[in-house]
Amino acid sequence: MENPYEVLGVREDATDEEIKTAYKALVKKYHPDRYQNNPLADLAEEKLREVNEAYDVLMKQRKNGATGYSSAGYGGAGGRASSAEYEQIRKALDANDLTGAQAMLSRIGVRDAEWVFLDGMLDYKRGYYDQAVAKIQQACSMQPSNSEYRRALNTISNQSMAYRQQSMSRGYNGSNADDLLCSACQCYICGDCAGCW
């Protein structure tokens, strides 16, 4: 994770009130209601997630009497996850324990390629294909030699394209409000198929 003070746009000696004010302004700026039917919706959602995470980290640190930024202060055991922790997250994903996987991921402070990949797979399991593809692409760029990441990216990209082509062939183009029900049904169908990775 980036320096949470930088994410919120405040100095490291900012007061709790200044942090809360900056947090509220950013939440308002990136709120999903402002980005409905907007191509920047995914980016705004990611930024909002970063803002919430930064705020939570700072409030926990300050509650414990810590000030300033130290990347070692993040994550359950000091920031970087062990291979055993990543294996637990993989098992949770395999078992469709998405809440457990999310909780374990959120405790890890260092967002390395494996973390980004697993977060992408979590999005995939939830049916958020565009977000999953974006994150897995990021993991591939962080670790270009990882063949597992590349295979997953190809599989998800192909599935996403197949679903889109199938919906287009049935007349769905997402252009009006009547198509919302069709879109919701597609999400549920995709969600059912997501257990196959």
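A quick note: this is a predicted structure, and the numbers were derived from the prediction, not measured.
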How many angstroms lie between [atom1] in [X] and [atom2] in [Y], if you round to the nearest 0.5 Å?
X: Arg151; Y: Asn146; atom1: CZ; atom2: CG; answer: 8.0 Å
X: Gln88; Y: Ser82; atom1: CD; atom2: OG; answer: 7.5 Å
X: Glu45; Y: Asp130; atom1: CD; atom2: CG; answer: 11.0 Å

Next on the checklist: I'd like to check the side chain to side chain donor-acceptor pair (under 3.5 Å) partners of Glu114; sequence neighbours left out, ordered by chain and number.
Outcome noted: Arg90, Tyr149
Checklist entry - Residues two or more places apart in sequence or in another chain: which of them pass side chain to side chain donor-acceptor pair (under 3.5 Å) with Asp97? => result none
Within the structure provided, determine whether [X] and [Y] are in side-chain contact (heavy-atom separation under 4.5 Å).
X: Ile19; Y: Met59; answer: yes
X: Arg107; Y: Glu85; answer: no
X: Leu48; Y: Pro32; answer: yes

Checklist entry - Is the backbone N or O of Asn154 less than 3.5 Å from a side-chain atom of Ser157, with the two atoms forming a donor-acceptor pair by type? => result no
Next on the checklist: Whether the side chain of Trp115 engages the backbone of Leu105 through a donor-acceptor N/O pair (distance < 3.5 Å, no angle test) should be reported.
Outcome noted: yes
Where do [X] and [Y] come nearest, in terms of heavy atoms and distance?
X: Met121; Y: Ala152; answer: SD-CB, 4.3 Å
X: Ala113; Y: Met142; answer: N-CE, 3.5 Å
X: Ala14; Y: Val10; answer: CB-CB, 3.9 Å

Checklist entry - When hydrophobic residues are tied together by side-chain contacts of less than 4.5 Å, even through go-betweens, does Leu153 share a cluster with Leu122? => result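 Both belong to a single hydrophobic cluster.
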Checklist entry - Under a single-linkage definition using a 4.5 Å side-chain heavy-atom cutoff for Ile, Leu, Val, Met, Phe, Trp and Tyr, are Tyr128 and Leu98 assigned to the same hydrophobic cluster? => result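 Result: no, two separate clusters.
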Next on the checklist: Out of the candidates Gln131, Lys135, Gln138, only one should pair with Asp119 under the side chain to side chain donor-acceptor pair (under 3.5 Å) rule; please name it.
Outcome noted: Lys135
Next on the checklist: For a side-chain contact (heavy atoms from CB on, under 4.5 Å) check, start with the C-alpha distance between Asp112 and Phe117, then their side-chain angles and the critical distance, and finish with the verdict.
Outcome noted: CA-CA 9 Å; Asp112 58 11; Phe117 172 73; over 6 Å; no
Checklist entry - Taking only residues at least two apart or on different chains, which pairs with a member in residues 19-34 satisfy side-chain hydrogen bond (donor to acceptor under 3.5 Å, both in side chains)? => result Tyr23-Asn52
Item to check | Side-chain ion pair, Arg49 and Glu53, N-O less than 4.0 Å | outcome: no
Checklist entry - Taking atom types as modelled and ignoring hydrogens, do the side chains of Gln102 and Arg126 form a donor-acceptor contact shorter than 3.5 angstrom? => result yes
Item to check | Flag for Tyr5-Asp13: side-chain donor and acceptor within less than 3.5 Å | outcome: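 No, no side-chain donor-acceptor pair sits under 3.5 Å.
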Next on the checklist: For Glu46 and Asp42: C-alpha separation, side-chain torsions, deciding distance, then whether side-chain contact (heavy atoms from CB on, under 4.5 Å) applies.
Outcome noted: CA-CA 6 Å; Glu46 184 64 30; Asp42 288 342; over 6 Å; no
